[in-house]
Amino acid sequence: MGKTTTAINLAAALAQLKKKILVIDLDPQANATSGLGIDTRETASLYPALLNQIPAEQCIRPSGRKRLDIIPSTMDLAGVEIELARAGDHLTRLRETLAPLRKSGSYDYCIMDTPPSLGVLMTSALAACDEVLTPLQCEWFGLEGLAKILHVTAQICASGANPHIKHEGVLMTMYDGRTNLSRQVIEQVGQHLPKMLYKTVIPRSIRLGEAPSFGHTIFEHDPSGPAAEAYLKAAREFVKRHKS
């Protein structure tokens, strides 16, 4: 659903708006890490912090961009899923691990890029976060994925693991104004979730797809292009929504 692309480019856009941002890559595939140009062979993940071996703060690395830091991911996070599944506090472990960072107030926003599957790391992220922002491709299958995310978020809330979580918004991606499909999918979301739907849409863009292969955000790869303009507009909308 364009989640990693949105995680790193929305984070970069918010940093350009002078917000201090921390990206936490929770996906063992480490796409957010490599997409920001960080070599996964030369870094560590949140794994030791989740096992209470070190503070989460020690996992933070600079991204090489102003006001934008990252807790990278590596393949060892795939193993932590098994470790957490055995623990009785697997739903709250991530929240407890990140609690000192939250209290420190070092960052304006923390953006977690989760695995695509609804496993332990995904549910742990939902139990730890304040809000869920869903990037949704303008395709019918995307609507099914959105329904699942809404359902799991509601379950996490009802279970008491995170009673204050809310689904903050839906950001439409891969938009192609030449097709009826893109417009129809947006209309469907707007009819059912009018308050969640962002006014900004992210256009389909070859340059946006290319950027991660260079370890670039769209602002470095094509700073004057329509995708960069759209993500900056989405960041402004995000900030405005959080002021109200």
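Just so you know, residue 1 is the first one in the sequence shown, and it goes up from there.
- Remark: Tyr175 engages no residue in a ring-ring contact (aromatic ring centres under 6.0 Å, His included) (not counting sequence neighbours).
- Of all the heavy atoms in Val185 and Cys138, the pair that sits closest is CG2-C, 3.9 Å.
- Side chains of Ile38 and Ile70 form a contact here, defined as non-hydrogen atoms less than 4.5 Å apart.
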* I would like to know whether Lys19 and Tyr109 meet side-chain contact (heavy atoms from CB on, under 4.5 Å); could you show each step before the answer? => CA-CA 8 Å; Lys19 303 296 182 182; Tyr109 300 108; 4.2 Å; yes
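- Using a 4.5 Å heavy-atom threshold, the side chains of Leu171 and Leu197 count as separate.
- Of all non-hydrogen atoms in His192 and Gln188, the two that sit nearest each other are ND1-O, 2.9 Å.
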* Output, in order, the C-alpha distance, side-chain angles, deciding distance and verdict of side-chain contact (heavy atoms from CB on, under 4.5 Å) for Asp69 and Lys20. => CA-CA 8 Å; Asp69 294 334; Lys20 189 72 188 297; 3.8 Å; yes
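- Between the CD atom of Gln137 and the CG atom of Leu143 there is a distance of 11.5 Å, given to the nearest 0.5 Å.
- The shortest side-chain heavy-atom distance between Arg95 and Thr92 falls under the 4.5 Å cut-off.
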* Please assess Val170 against Leu146 for the test side-chain contact (heavy atoms from CB on, under 4.5 Å), listing each intermediate value before the final yes or no. => CA-CA 9 Å; Val170 178; Leu146 175 60; 4.0 Å; yes
* Residue pair Thr173, Leu136: steps toward the side-chain contact (heavy atoms from CB on, under 4.5 Å) verdict -> CA-CA 6 Å; Thr173 66; Leu136 185 68; 5.8 Å; no
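- With hydrogens and angles ignored, the 3.5 Å screen pairs no side-chain donor or acceptor of Thr5 with any backbone N or O of Gly2.
- A 4.5 Å side-chain heavy-atom check between His167 and Ile149 finds at least one atom pair inside the cut-off.
- Legend: residues meeting ring-ring contact (aromatic ring centres under 6.0 Å, His included) with Tyr47, ordered by chain and number and at least two apart, are absent.
- Looking at Ser182, its side chain never comes within 3.5 Å of a backbone N or O of Thr179 through a donor-acceptor pair.
- Tyr107 does not carry Arg102 over the face of its six-membered ring by the limits of under 6.0 Å from the centre and within 45° of the normal.
- A distance-only check finds a donor-acceptor pair linking the side chain of Arg67 to the backbone of Ala15 [under 3.5 Å].
- Neither Met174 nor Leu181 shares a network with the other; the hydrophobic side chains, linked directly or stepwise wherever heavy atoms of I, L, V, M, F, W or Y lie under 4.5 Å apart, form separate groups for each.
- With sequence neighbours left out, Asp76 forms a salt bridge (charged side-chain N to carboxylate O under 4.0 Å, His left out) with no residue at all.
- No side-chain donor-acceptor contact under 3.5 Å links Asp222 to the backbone of Ile218.
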Can you give the donor-acceptor pairs under 3.5 Å from side chains of residues 227-234 to other protein atoms, not counting sequence neighbours?
from	atom 1	to	atom 2	distance (Å)
Tyr231	OH	Thr6	OG1	2.8

Sequence neighbours excluded and cut-off under 3.5 Å, please list the side-chain donor-acceptor pairs for residues 50-63, or say none.
from	atom 1	to	atom 2	distance (Å)
Arg61	NH1	Gln58	O	2.9
Ser63	OG	Arg65	N	3.2
Ser63	OG	Leu68	O	2.6

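- In this structure, CG in Leu126 is found 8.0 Å from CE in Met112, a value given to the nearest 0.5 Å.
- Two residues are said to be in side-chain contact when any heavy atoms from C-beta on lie closer than 4.5 Å; Leu10 and Leu133 meet this criterion.
- Between the side chain of Ser73 and the main chain of Asp27, a donor-acceptor pair closer than 3.5 Å is present.
- In terms of modelled atom types and a separation under 3.5 Å, the side chain of Glu220 and the main chain of Thr217 share a donor-acceptor contact.
- For the pair Leu46/Leu94, a side-chain contact is recorded, criterion being any heavy-atom separation below 4.5 Å from C-beta on.
- Relative ring orientation between His221 and His216 is described as tilted, the plane-to-plane angle lying within the 30° to 60° band.
- Using a 4.5 Å heavy-atom cutoff, the side chains of Ser45 and Pro72 are not in contact.
- For Glu210 and Arg207, the salt-bridge test passes: some basic side-chain N is under 4.0 Å from an acidic carboxylate O.
- How far CZ of Phe219 is from CD of Gln16: 5.0 Å, rounded to the nearest 0.5 Å.
- Nearest heavy-atom pair, Cys157 versus Ile165, reported as atom, atom and distance to 0.1 Å: CB-CG2, 3.8 Å.
- Between Lys199 and Glu237 there is no salt bridge, since none of the side-chain N atoms of the basic residue sits less than 4.0 Å from a carboxylate O of the acidic one.
- The main-chain N or O of Ala127 is found under 3.5 Å from a side-chain atom of Asn162 such that the two form a donor-acceptor pair.
- A distance of 14.0 Å separates CD1 of Ile156 from NE2 of His164, quoted to the nearest 0.5 Å.
- Using a 4.5 Å cut-off on side-chain heavy atoms (C-beta onward), Pro116 and Gln29 make contact.
- Panel note: side chain Lys166, backbone Val132; no donor-acceptor pair is recorded below 3.5 Å.
- Contact check on Asp108 versus Lys18 returns no salt bridge, with no Lys/Arg side-chain nitrogen under 4.0 Å from an Asp/Glu carboxylate oxygen.
- Tested against Thr33 for a side chain to side chain donor-acceptor pair (under 3.5 Å), the candidates Asp25, Asp113, Thr74, Asp39 yield a single pass: Asp25.
- Judged purely by atom type and a 3.5 angstrom limit, Arg183 uses its side chain to pair as donor or acceptor with the backbone of Gly177.
- In this structure, the separation between CD1 on Ile8 and NZ on Lys3 is 10.5 Å, given to the nearest 0.5 Å.
- Taken to the nearest 0.5 Å, the OG atom of Ser106 stands 7.0 Å off from the CG atom of Leu101.
- Residues satisfying the salt bridge (charged side-chain N to carboxylate O under 4.0 Å, His left out) test with Arg236, not counting sequence neighbours, are none.
- Both Leu193 and Trp140 belong to a common hydrophobic cluster when Ile, Leu, Val, Met, Phe, Trp and Tyr are linked at side-chain heavy-atom distances under 4.5 angstrom.
- The cluster map of Ile, Leu, Val, Met, Phe, Trp and Tyr, joined by side-chain heavy atoms under 4.5 Å apart, puts Phe214 and Val23 in different clusters.
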